[in-house]
Amino acid sequence: MKILKPVRVFWLLAMLICLLTGTMAAGQPQKSVAILPFALNAPPDLQYVQEGLRDMLGSRIRAEVGARIITKAEADGALKAAGGKPTVENLPALAKQLGADYLMYGSITALGGGISIDTQVFTAAAPADKALQPFYGSATSNDQIMQSIDALSWDIIEKLFNKQRPVPAAAAPVQQAQAGAPSAFTTAHPDKTFMATGGGFGIKSGRNFVKTRNFNMSLQGIDLGDVDGDGAMEIVLANKSEVQVFDRDETRLNSIGTIKVSGYQIHNVNVADLDGDGRAEIYISASNPEIPGSMAVEWDGKQFATLFDNARWYIKPMNIPGIGQVLVGQAAGMVPVVEGLYVLSMNDGSLSRQERLPLPAKVNLFNFAYADLDGDGKKEVVALDESFKLQVIRGGSVSWKSEERFCGTKRYVGGEPRMMPGTTHTSHPIVDGVGERYKETYIPSRILVTDIDKDGSEDIILNLNPSTLTTVLPRLIQYMSGTMVGLKWSGLGLEELWRTRKIDGYVVDYQVNLPAGKKESGAESELFIGVVLNSGTLEALTSDESTVVIYPFEFEQPESK
């Protein structure tokens, strides 16, 4: 696609809007607005939106309410002097330096063929706890970008300047959607949610996915569970050094707590109620290059209390056939991951090893799942090999293996320890001639097992990596996109039942919310996908911005012919 055409159309329409917008408001004190640069989490061919957005917002606000728009050069200069990025801490000083009553900034994100515009408006005169307000816009194609920015402008004008948008504009479908969206979610692609490719139940395409606001973090994992025992699901997000827990209030995420991890890097997070008290514990698997240092916490009614920490196990709660839901661990030793998975028990804040699970040698804690694929009541082992290819293991032997690669990530355990002053590589112990001591063992995205369509056999949900994925130095691969797929056992192998559209960004982890008691319909079920945003540019690859994309599942029986 050539970018000259959308750029020309965009700028021509932008100039027309500037010429045709109403006259400046009179009789009101003139307010000053500084529109700071918007971060671009999108391919380079959408770069024109980055600058055009600032111009259009400024033109609309100036024309409708008579505000003074501070020049981009002045705003950019002040931001550069303040560190180059707007933060909660530097916003008051920025507003004072610029003489601005309002500061506007945010990000533009490409997802699923559309874009979303996440905007923050800082009001200098407001109390600190109410100074920042979020506004959101979205477009499903380049043709709708103009409408989306116009609707976003009116949302801001109505909220901050108390001026109602014209009735014809408010009646437009896109603007109606934006006018009622003070939430943390925004519609990002309202045409087809899923593409059904199999028979039986299909996935309806009448609903759209939504996304949360963007988070300043390098996402490492996501899980869902009732952490505080109130009967509602919480969302748990982990970056490399902390875990953040959020209540979901309709379309908002409200922070309820943060768990810090010191001295180790998080590579996996899971939520499970293993003690049966109605409050799910959070199990954090973490390590440094030499040893694991995992921990678990539980909500005590006021805060998160530590159940254990500095555990020398990689950990993960699992539902084991014949045993039930337990904590499973794998150890490190002379190599980063030692063969053997064990049930772990906790006593007085420490973990002890119980029975070993009967699993093939190449299976590790994070690259497999149990699944009853054919509905016969017996569990098969579904695992990823070192090339990220999916395989089904029955009776200790591989009965099926995929051609595609799945679940590739940049997370790993092991690797070279940080070099200390005065040390060299030769001073570290080497196990053998190929340096297995520092071998990097990659932590893939999870293999989700769930009977999402309620037919009695379990399905597999996972991330299909781009065909360009290789197994040579996977840590250096830039995951620019991913696609979520649902697989079902056909009798001969796992076949694709549905897939999402391409998700722009690095798909890190995901989980399904499957409410209990929904037997005949999956209308309330949702797929949560943790994505690290990027556009392939050096600036994007060094940023720490992530989001959560949420797909609703809706199943319908195909019409009989």
**Message:** Distance check, rounded to the nearest 0.5 Å: Leu152 atom CG versus Ser116 atom OG?
**Reply:** 11.0 Å

**Prompt:** Between Trp299 and Phe304, how do the two ring planes meet: parallel, tilted or perpendicular, split at 30° and 60°?
**Reply:** perpendicular

**Message:** Any carboxylate oxygen within less than 4.0 angstrom of a Lys/Arg side-chain nitrogen, looking at Asp300 and Lys302?
**Reply:** no

**Message:** Checking the side chain of Asp273 only, and the main-chain atoms of Gly278 only, is there a donor and an acceptor separated by less than 3.5 Å?
**Reply:** yes

**Request:** For a side chain to side chain contact (heavy atoms under 4.5 Å, CB included) with Ile461, tell me which candidate from Gln511, Arg446, Met484 qualifies.
**Result:** Met484

**Fill in**
Rounded to the nearest 0.5 Å, the CD1 atom of Ile529 sits from the OH atom of Tyr510 at a distance of 9.0 Å

**Asked** Is any side-chain heavy atom of Leu527 closer than 4.5 Å to a side-chain heavy atom of Ile452?
**Response** no

**Request:** Return yes if some donor-acceptor pair links the side-chain N/O of Asn364 with the main-chain N/O of Tyr442 below 3.5 Å, else return no.
**Result:** no

**Request:** To the nearest 0.5 angstrom, please state how far the OG atom of Ser546 sits from the OH atom of Tyr506.
**Result:** 10.0 Å

**Request:** Just say parallel, tilted or perpendicular for the rings of His267 and Phe366, cut-offs at 30° and 60°.
**Result:** perpendicular

**Prompt:** Taking the side chain as C-beta and beyond, is there a heavy-atom pair between Thr119 and Tyr105 under 4.5 Å?
**Reply:** no

**Asked** Within the distance-only criterion (no hydrogens, no angle test), does the side chain of Ser445 pair as donor or acceptor with the backbone N or O of Val508 below 3.5 angstrom?
**Response** yes

**Fill in**
d(Tyr551 OH, Trp498 CH2) to nearest 0.5 Å is 9.0 Å

**Message:** Could you check whether atom NZ of Lys240 has more than 12 heavy atoms from other residues, nucleotides or ligands sitting under 6.0 Å from it?
**Reply:** no

**Message:** Ring-plane angle category for Phe215 and Phe246, please: parallel below 30°, perpendicular beyond 60°, tilted otherwise.
**Reply:** tilted

**Prompt:** Any sub-3.5 Å donor-acceptor pair from Asn367's side-chain atoms to Ala383's backbone N or O?
**Reply:** no

**Request:** For Glu404 and Asn465, indicate whether the former's side chain and the latter's backbone hold a donor-acceptor pair under 3.5 Å.
**Result:** no

**Asked** Between the main-chain N or O of Tyr314 and the side-chain N or O of Gln330, is there a donor-acceptor pair closer than 3.5 Å?
**Response** no

**Distance, nearest 0.5 Å, that separates OG of Ser457 from CG of Asp451** = 6.0 Å

**side chain to side chain donor-acceptor pair (under 3.5 Å) evaluation trace for Asn214 with Ser107** = CA-CA 8 Å; Asn214 296 344; Ser107 61; 2.7 Å; yes

**Inter-residue atom distance Ile256.CD1 - Glu234.CD, 0.5 Å rounding** = 5.0 Å

